[in-house]
Amino acid sequence: MKVAGALLVAIVVAALLLPPLLPWGYAAIDWNAVRAPAFSPGHLLGTDSVGRDLLARTLAGTRVTLAVATAAALVALVIGTAWGATAGWFGGRIDEAMMRVVDALYALPFMFVVIVLMVVFGRSVLLVFLGIGAVEWLTMARVVRGQVLALRNRPFILASEAAGAPARAILTGHILPNIASVAIAYLMLTVPQVVMVESFLSFLGLGVQEPLTSLGILVHDGADDMDIAPLTLIVPGFVLVATVVCLNRLGEGLRARMAR
Amino acid sequence: MLAILLRRLATALPTLLAVILLSFVLMRTAPGSPFDSERPLDAATRAAMDRTYGLDQPLIVQLGRYLGNVLQGDFGPSLVYKDFTVSGLIAQGLPVSLTLGGLALILAAALGIAGGILGALRPGGWLDRWIGFKSAVAVALPSFVTGPLLVLVFGLWLSWLPVSGLDSAAAWILPVLALATPTAGAVAKLTRTGLAEAMVQDHVRTARARGLSPLTVLVRHALPPALIPVVSYLGPAAAGLLTGAVVIETVFGLPGLGRYFVQGALNRDYPLVLGVVILYAGLILLFNLIADLLYGLLDPRARG
Amino acid sequence: MSVYAVEGLSLSLNGAQLLEGVSFAIDKGGCTALVGASGSGKTMSCFAPFGLAPGTPTGSARLEGAEMIGLAEPALRPIRARAGFVFQQPLTALTPHLTIGSQLAEAAGTRDRSALAAMLDRCGLPEAKLDQYPHRLSGGERQRALIACATAHDPALLVADEPTSALDAGLRHAILDLLDRFRERGMGLLLVSHDLPLVAKHADRVVVLDGGKVIEDGRAADVLERPQHATTRALIAASPRLDSPAPLLPEPGAPLLSASGINVRFGKLAAVSGASFDLREGEALALVGRSGSGKSSLARAVARLGPCDSGTVTWRGDPLPPRSRMRAEHRRCLQPVFQDPAASLDPHWTVQQSVEEPLRHLFPDLASEARAERAAAALDEVELGSAYAKRRPATLSGGQAQRVAIARALVADPELILLDEATSALDVLVAGRILDLLGKLQASRRLAILAITHDLAVARALCHRTAVMDAGRIVETGDTAATIAAPQSQALRDLVSAS
């Protein structure tokens, strides 16, 4: 977990702070160095098929991917917690109806739903993360609902009711603090999910649009060009995989710690 | 058992209907039309086109006509692949996509469950940790990264395996491998965690106290409850594999449904996108139904 | 000649010495009982030699002369197969996805149906249970099935860890009688139990453990009737006895609470049907009955802490509103104490925050200093003291947590407290002390008490009157001592004979 945390921090810090220090911007074209190999002057990792610096592009793509993922995961957290907590708190018919909706949505090919949304409303970064967040909240809703349902019948909640606490006080004083840790752990696990979805969409050309770039677009471009410049595939692919592995490990570790 | 099946169907069918309704309405009310992509058309031609495809009718009429046709297996004409009906495209592409997804599902389940069991035999041993690390990485290996990398290494550098088309059985190896990797990792992890939880349960201690061999205890007493989360994961995983197949077909140039779908989505070919979404929603509901039935096999309490 | 002999058994795990020099023996056909408070090492002593507990034990443990200590798992397995094991939780000790028959066949090493049916039969189960899955069986049936599996291969020794504590009182002696029948065939029985009356009746030797050491052992009658060690005496004193003298209870005053015609339904199941009772100031009423008899649902319906479909509850003659419309002045009258102390307190809140909670909502005008003062006074009253105020539940023992829960119930000065099995999740010694505390509070505060319990000893220690519930109805009500002495209903007769 420590290694994962350190590597993740390194990736995030590099993506945020390093780009201004590089000689070339992520969209700037160096006409003198098309498909330059690694360690060329000014291009540590070489350039792509139109002469753009691979390191700068990878960092920029990482930044966009992480930003979209974090925003989408937060959307998922808000919707999921609200939905799950409401269902768990009221229980009975309301719970059943609300969870039916979640079950039904679970059964959908959610990637296709996002694609349909992209097709219908056009492609924009805002829509990418709204759309992804709107389908990624399902797991969160299930987890939160399960937690609330279990808490609802715990004696300390009953004792709180006997102590005259109104529903609002029970929710904010007992329920939310007790589900916060689990919700945060699942938030950590939602981020890598979203990273994958965003990259997937971008890879297909349905996500982030040029001139903005993301890890998915870079992998796609790299795949087109890999026989000549394999680094253009390997570098963004490695950063993507490393980021997801680290996020998963952190989330799992956090969840295991919370479960105790 | 039958009651569970019926109850599931009672949820599944309205879901399917809702998917059709929602996608249909979304697509029809969306700004833009497939005819926008090329040169702007003059009003008269535009109206003629709309009439040809029934787009001038009220929405509810269009929907009713569409539903009637879908029930007869007719998803309408493709707007982009002229001369093709959506049903025709599906008939061409679906077998390839299903074979790809099915093989990947089998491979992922076999590799994952075997890996999980191997790890659980000696908890904390080197094999356990090695498999744990492998599966953590595998989960994070999206097929659109593995696919091109496999092509690069085995196709272009080593020239061992074909990298596109379906001319030989060997051509399936790389696409299936790329597609199965993340699912196999997830299944291994779920199996391993499930076994770790099952191994400390009372009934496993009872079985150990009976003097049974460790393998018998593991496979007969601990594995079935440990597989319950795996089975409930495989429903959505099948959906994920179908989705993943979209990318794999693009990367390896396979003539599957996914490629048509992406092209359709990029070109606003509404009938095609709608048809594929409905078909996949139906398939995924079917997978979830199968997963529910498997569930009953593993846990007699779920049989009601 | 002893079947099983343990000598100088020691076990340490992660630097903690769990067992130290434990020795005992079991004769052929004999029964040795290990008794002690929780954490005394009873269960460890049973399972460590067989490799069924974590850690590596030292010393000696010989089953039919074969030494087990120091053997690796493969060598240990055949020796372990000469013993049978019955565990505490019949609910979870059987594999849920295998039929009773296939588990029994696995244990017996035969698939012959008539042989398997005979094994079930001698444990009092019909052949039809062979084809059933464990979840179809009742708790008692599951325990019998587990015993059938454990005895299928005619073991030389049966190790039974609290075989009856998860079962209803009525079934306990029946299960022990069953085990006694196997002893007649020469099987030794190693019994772990905190139920001393049960031990007195069935064991011939008793070993008392405390802190992982044997503090006393000998013939069961000698140890239990003339205990030498203070801890043994405390264990015996804490153990419920129905023949102890009736306590002096406060004199009841004016009518306080009246419940009539209470009905509670859960779906199709009628949990409570037309139950009625009255309670006066300072009076204590015990609601006794088997688990599932509806006593908890009735009490929660009356206290407006659970669903109540119909019926009226009055407080000093005024009707109590339904649950959703209870206001502070209503909630002030009555406070609950629940069974599981660990779940009774919010793990994120300090002891002081928990104890102050009723004051914050029921007396919103109280200044924070006054709140803290009253919370400290309540903690003093439950003999905890202010040192505990800043602690969180995770750092409290079960008994301490239950004291905090009692302090929380008392802090708002209610006239009635609801005790929902308030002592049954606690260790015998701790439960005895909590019961003493409640008795003191009852006298000093003239508290009215509604006590839900399946333990008649609790009713005798605290309650003027006892109401017996069975299948959702009150079947018998009367003066506690007289009712228990001459039970009228079958439900109470079962409870009495089981105590």
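Here is how names work: the chains are called A, B, and so on, in the same order as the sequence lines, proteins then strands, and each is numbered from 1.
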*Would a 4.5 Å heavy-atom cut-off, applied to side chains only, mark T181(B) and S143(B) as touching?*
no
*Measure distances from F50(C) to the heavy atoms of chain B and classify the residue's part below 4.5 Å as side chain, backbone, both or neither.*
neither
*What orientation do F24(C) and Y4(C) show, parallel under 30°, tilted 30 to 60°, or perpendicular over 60°?*
perpendicular
*Identify which part of S102(C) has an atom lying under 4.5 Å from any heavy atom of chain B, answering side chain, backbone, both or neither.*
both
*Between S97(B) and E249(B), a side-chain donor and acceptor under 3.5 Å*: yes
*Examine whether an atom of L76(C) lies under 4.5 Å from a heavy atom of chain B, and if so say whether it belongs to the side chain, the backbone or both; otherwise answer neither.*
neither
*Could you check whether the rings of H97(C) and H203(B) sit parallel, tilted or perpendicular, using 30° and 60° as the cut-offs?*
perpendicular
*asked:* Measuring centre to centre across the rings, with the benzene-like ring taken for any Trp, is Y280(B) within less than 6.0 Å of F261(B)?
replied: no
*asked:* Among E73(C), E106(C), H153(C), which residue has the highest count of heavy-atom pairs closer than 4.5 Å to chain B?
replied: E106(C)
*Considering only heavy atoms and a distance below 4.5 Å, find which of P96(C), A81(C), P78(C) pairs most often with chain B.*
P96(C)
